[in-house]
Number of protein chains: 2
Amino acid sequence: MKKKLTERQEKIFIFIQEYQQENGYPPTLREIGKKFDILSTFGVKRHLEALTKKGYLNILSNASRGISINKNESESLDLINYQEVNNISKIPIIGRVAAGSPITAEENVEGSIVIDPAFIKKDEDSFALKVKGDSMIEAGIFEGDLVIISPKAIVKNGDMIVARLEDEVTVKIYENKNSIVKLIPQNKNYQTIIVKNKNEFSIVGKVTGVVRWIN
Amino acid sequence: MKKKLTERQEKIFIFIQEYQQENGYPPTLREIGKKFDILSTFGVKRHLEALTKKGYLNILSNASRGISINKNESESLDLINYQEVNNISKIPIIGRVAAGSPITAEENVEGSIVIDPAFIKKDEDSFALKVKGDSMIEAGIFEGDLVIISPKAIVKNGDMIVARLEDEVTVKIYENKNSIVKLIPQNKNYQTIIVKNKNEFSIVGKVTGVVRWIN
DNA sequence: ATAAATAGTGCTCATTTGTTTACTTCAAAT
DNA sequence: ATTTGAAGTAAACAAATGAGCACTATTTAT
């Protein structure tokens, strides 16, 4: 379970996420400090330690930019991920997502799917979401399909992602031009969403697969 | 268009991708060197420069771990092709089908996918086909998708099936009214096929699943 | 055969970057 | 009133890391 962050910590956490998404690598202490007018690296470091203690980050000691974002916060999920049968990755399937709850919380797990490790490239944090709604039918994603999500993947413009807006989770095409983030559906009947309040928006992960079962 | 890589460059590029995927940040020159037994950082650096010049990477000068992966377009680097011997609901993937040969002949197998037995109802004869062509895009099946086929399933009108017509294998919607068999595509640009010579037609199986991998 | 591209070693150097200690400020809780 | 926790400054330090040069070896193409 994730512990609550202070306002400052949350802003820093969001910045790290955005930096990582835009650059493909995490920021340094000094880059974070510069952004938030913190003149001492020590001040930044303690923020990172707080975020680590609360389970949001992992930090590799003495490694530059050794920040990795922790998107699978609950320990129960780790148990699910470690159930590997003969080196085959078992991916948890997330069903309904209660408002405000972490997306990978145990109570949301509906089942699991087993994928050949040759297909899913060593991303043990992957999970699957059951799609509700038809906003992506033109991209060949239907209601009831499972989308496989890689939380650590680098998201680029045009990628299909799962985004969280306030307490809603949706599948859309991601576009970031001049810091204006757009979430583009693939259905003429839906409108593009322009993200205004970045605090209420986060990228859950990139869609790396689609699985559909008929009957 | 991306330029071709040397064997060495490709291995290094794949390693960088995997490292990024696993750790959330890119490797350092020395970490790459260690992996490939390159004792000098300069040797590694020139590989990165080559990869940059050929459009695979971007590098931020003087920044540690300042490597970002360029995912512009088609990366047909099939690092996914090896087979492992495990016996749990392993579904073979059929690639090209030689004219006249039985569709599940061993030489046609391109790989395999492992599916949770909870999903596939113990149909051990299931196999997967890689879709070529776009005749089913309106049913959410795109070129390159894998369709999972159950040869034993009972096929009803309206079901999606894989049919063999002479030496061609296609995915279509099946309809049989008054002994007139129609194969209906899901794409306005294609025409419904009416089967005349039933000797040259057979049902390979029913489509029970669709799997798509993005990137 | 000769030039060009590829691959690598060993070394030095400069910068980047994380670590640590000591001290300050402020607000909220006890 | 005192303690506690969050937030920050300044300075010195060590480790990590990229940059660069001179030189060698092998393969590939002209």
Side-chain angles (χ1 to χ4, degrees), chain A residues 1-20 22-70 199, chain B residues 1-20 22-70 77:
Chain A
M1 190 81 70
K2 269 185 183 174
K3 284 167 197 161
K4 216 182 161 188
L5 296 179
T6 67
E7 209 178 313
R8 195 74 165 152
Q9 287 166 357
E10 190 178 340
K11 278 181 185 167
I12 288 172
F13 180 59
I14 290 171
F15 171 70
I16 292 170
Q17 284 183 323
E18 286 180 354
Y19 187 105
Q20 166 77 64
E22 288 194 43
N23 301 286
Y25 42 82
T28 64
L29 297 188
R30 283 170 181 85
E31 282 168 341
I32 299 170
K34 200 175 177 185
K35 173 80 181 183
F36 292 96
D37 294 316
I38 301 171
L39 298 180
S40 170
T41 56
F42 184 58
V44 176
K45 198 180 176 241
R46 254 197 330 225
H47 279 304
L48 298 189
E49 281 165 358
L51 286 166
T52 303
K53 207 171 265 176
K54 291 181 181 178
Y56 287 75
L57 297 178
N58 278 325
I59 292 176
L60 188 68
S61 284
N62 289 314
S64 67
R65 301 178 194 267
I67 302 171
S68 59
I69 295 161
N70 233 346
N199 292 331
Chain B
M1 190 81 70
K2 279 176 184 170
K3 286 169 196 160
K4 213 181 164 188
L5 296 179
T6 67
E7 208 179 313
R8 195 75 165 151
Q9 288 166 357
E10 187 177 338
K11 277 181 185 167
I12 288 172
F13 180 59
I14 289 169
F15 170 71
I16 292 169
Q17 284 185 113
E18 286 180 355
Y19 187 105
Q20 166 77 64
E22 284 193 61
N23 301 286
Y25 42 83
T28 63
L29 297 187
R30 284 171 181 84
E31 283 168 340
I32 299 169
K34 201 175 175 186
K35 173 80 181 183
F36 292 95
D37 295 314
I38 301 171
L39 298 181
S40 171
T41 56
F42 185 58
V44 176
K45 199 181 174 242
R46 254 199 326 230
H47 277 120
L48 299 189
E49 281 165 358
L51 286 166
T52 303
K53 207 170 266 177
K54 292 181 180 178
Y56 288 75
L57 298 178
N58 278 326
I59 292 177
L60 189 67
S61 284
N62 287 313
S64 68
R65 300 178 194 268
I67 303 170
S68 58
I69 296 160
N70 243 344
L77 280 170

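Naming convention: chains lettered A, B, ... in sequence-line order (proteins, then strands); numbering from 1 in each chain.
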Distance in angstrom units between L39(B) CG and dG10(C) C1', rounded: 9 Å
Nearest non-hydrogen partners of I67(B) and Y25(A), listed with the distance: O-CD2, 3.4 Å
Net bend of the helix from dA1(C)-dT30(D) to dT30(C)-dA1(D), end axes of five pairs each, nearest 10 degrees: 30°
Sidechain N-carboxylate O distance under 4.0 Å for E49(B), K45(B): yes
Integer-rounded Å distance: dT9(D) P and F36(A) CZ: 14 Å
Candidates dA7(C), dG8(D), dG18(C) - which lies nearest the side chain of T28(A): dG18(C)
Sub-4.5 Å side-chain heavy-atom contact between N58(A) and S68(A): yes
Close N or O pairs between protein and nucleotides 19-25 of chain C (under 3.5 Å):
{"unit_1": "dT19(C)", "atom_1": "OP1", "unit_2": "N62(A)", "atom_2": "N", "d": "3.3"}
{"unit_1": "dT19(C)", "atom_1": "O4", "unit_2": "T41(A)", "atom_2": "OG1", "d": "3.2"}

Side-chain N or O of R65(B) closer than 4.0 Å to phosphate OP1/OP2 of dG18(D): no
Considering all heavy atoms, the nearest E10(B)-L5(B) contact: CA-CD1, 3.9 Å
dA7(C) OP1/OP2 closer than 4.0 Å to side-chain N/O of H47(B): yes
Protein-nucleotide distance (K53(A), atom NZ; dG5(D), atom P), rounded to Å: 10 Å
Least distance between heavy atoms, L29(B) atom then T41(B) atom: CD1-O, 4.0 Å
Euclidean distance, atom CG of residue D37(A) to atom P of dT9(D) [Å, nearest integer]: 8 Å
Exercise: identify the closest heavy-atom pair between P27(B) and I32(B): CG-CG1, 3.7 Å
Separation of dG8(D) C1' from I32(A) CD1 (nearest whole Å): 15 Å
Gap between atoms CZ and C1', on R8(B) and dA5(C) respectively (whole Å): 16 Å
Nucleotide nearest S64(B) (side chain, heavy atoms from C-beta), chosen from dT9(D), dT17(D), dA7(D): dT17(D)
Pair E31(A) + R65(A): basic N to acidic O under 4.0 Å: yes
Shortest non-hydrogen separation from K11(A) to F36(A) and the atoms involved: O-CZ, 3.6 Å
Distance, rounded to the nearest Å, where I38(A) contributes CD1 and dA10(D) contributes C1': 15 Å
Spacing between E7(A) atom CD and dA28(C) atom P, to the nearest angstrom: 13 Å
Point-to-point distance, once rounded to the nearest 0.5 Å, from CD of Q9(B) to CG of L48(B): 10.0 Å
